Amino acid sequence: MTWAELLAYCLAKPGAWQDEPWEGDVVAKVGGKIFAFFGSGPGGPGGSVGLKCAGSREAADEWLLRYPDDVSVMAYIGRSGWNTLRIGGAIPDDELIEAVDASYSAVVSKLPKKDRPPLGS
């Protein structure tokens, strides 16, 4: 899976849209909230994506233990369970997809009901 393919997957989610809140930094949002940080492009071999990997730092640390060379704690928001996952490394594509789905669901669940995308979209 490439950086562009993962971004396209994110943007295909109900209510998702691309934004650039900081010059050159691409993010995927739903209901005005970020659920995936893509940065300024693929960079390195495959690029990376920042995702909400768990509800707590302790739970998100499981990713660090499983993929120590491909996962890092995100600056500033890592304490809240956000990690940076390398695309094209040891993390299988299906696990990247699951991580995107979990991040999206976590963000949607915190949105006010009026801002949530319709179910089944």
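All residue numbers in this chain count up from 1 along the given sequence. This is a predicted model, so every value here is computed, not measured.
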Is there a donor-acceptor pair under 3.5 Å between the side chain of Asn83 and the backbone N or O of Leu64? no

After noting the C-alpha distance and the side-chain angles of Asp70 and Trp63, does the key distance pass the side-chain contact (heavy atoms from CB on, under 4.5 Å) rule? CA-CA 9 Å; Asp70 292 304; Trp63 281 92; over 6 Å; no

Taking every non-hydrogen atom, the tightest pair across Ile87 and Thr2: CG2-C, 3.9 Å

Should Phe35 and Val108 be marked as a side-chain contact (heavy atoms from CB on, under 4.5 Å) after you check the CA-CA gap, both sets of side-chain angles, and the distance that decides it? CA-CA 9 Å; Phe35 69 93; Val108 167; over 6 Å; no

Nearest heavy-atom approach of Cys53 to Ala60 is CB-CB, 4.3 Å

Does any N or O in the side chain of Glu95 come within less than 3.5 Å of the main-chain N or O of Pro92, such that one atom is a donor and the other an acceptor? no

Looking only at heavy atoms, what is the nearest atom pair of Gly31 and Leu111, with distance? O-CD2, 3.7 Å

Side-chain contact test, heavy atoms from C-beta onward, threshold under 4.5 Å: evaluate it for Phe37 versus Ile77 and give yes or no. yes

Tyr104 side chain to Pro14 main-chain N or O, any donor-acceptor pair under 3.5 Å? yes

Is it the case that more than 12 heavy atoms not belonging to Glu62 sit under 6.0 Å from its CD atom? no

Tell me whether Lys52 contacts the main-chain N or O of Ser80 through its side chain, where contact means a donor paired with an acceptor under 3.5 Å. yes

Check Leu65 against Pro68 and note the closest heavy-atom contact, atom names and distance. O-CD, 3.7 Å

State whether the side chain of Arg57 and the backbone N or O of Gly78 hold a donor-acceptor pair below 3.5 Å, judged by distance alone. yes

Is it the case that more than 12 heavy atoms not belonging to Arg79 sit under 6.0 Å from its CZ atom? no

Test side-chain contact (heavy atoms from CB on, under 4.5 Å) on Met1 and Ile97 and set out the steps. CA-CA 10 Å; Met1 173 161 286; Ile97 294 293; 3.6 Å; yes

Of all the heavy-atom pairs spanning Leu51 and Met74, show the shortest one and how long it is. N-SD, 4.2 Å

Ignoring hydrogens, what is the shortest heavy-atom contact between Cys10 and Ala16? Give both atom names and the distance. O-CB, 3.2 Å

Check for a donor-acceptor pair, side chain of Ser103 on one end and backbone N or O of Val100 on the other, with a separation under 3.5 Å. no

Checking Lys29 against Val107 for the side-chain contact (heavy atoms from CB on, under 4.5 Å) test, could you report, in this order, the C-alpha distance in whole Å, the side-chain angles of both residues, the deciding distance, and whether it holds? CA-CA 9 Å; Lys29 289 183 170 181; Val107 171; over 6 Å; no

Treating Ile, Leu, Val, Met, Phe, Trp and Tyr as nodes and any side-chain heavy-atom pair under 4.5 angstrom as an edge, say whether Trp17 and Trp3 lie in one connected cluster. no

How long is the straight-line distance from CG of Leu11 back to NZ of Lys13, given to the nearest 0.5 Å? 11.0 Å

Examine distances only and state if a side-chain atom of Ser48 and a backbone atom of Arg86 form a donor-acceptor pair shorter than 3.5 Å. no

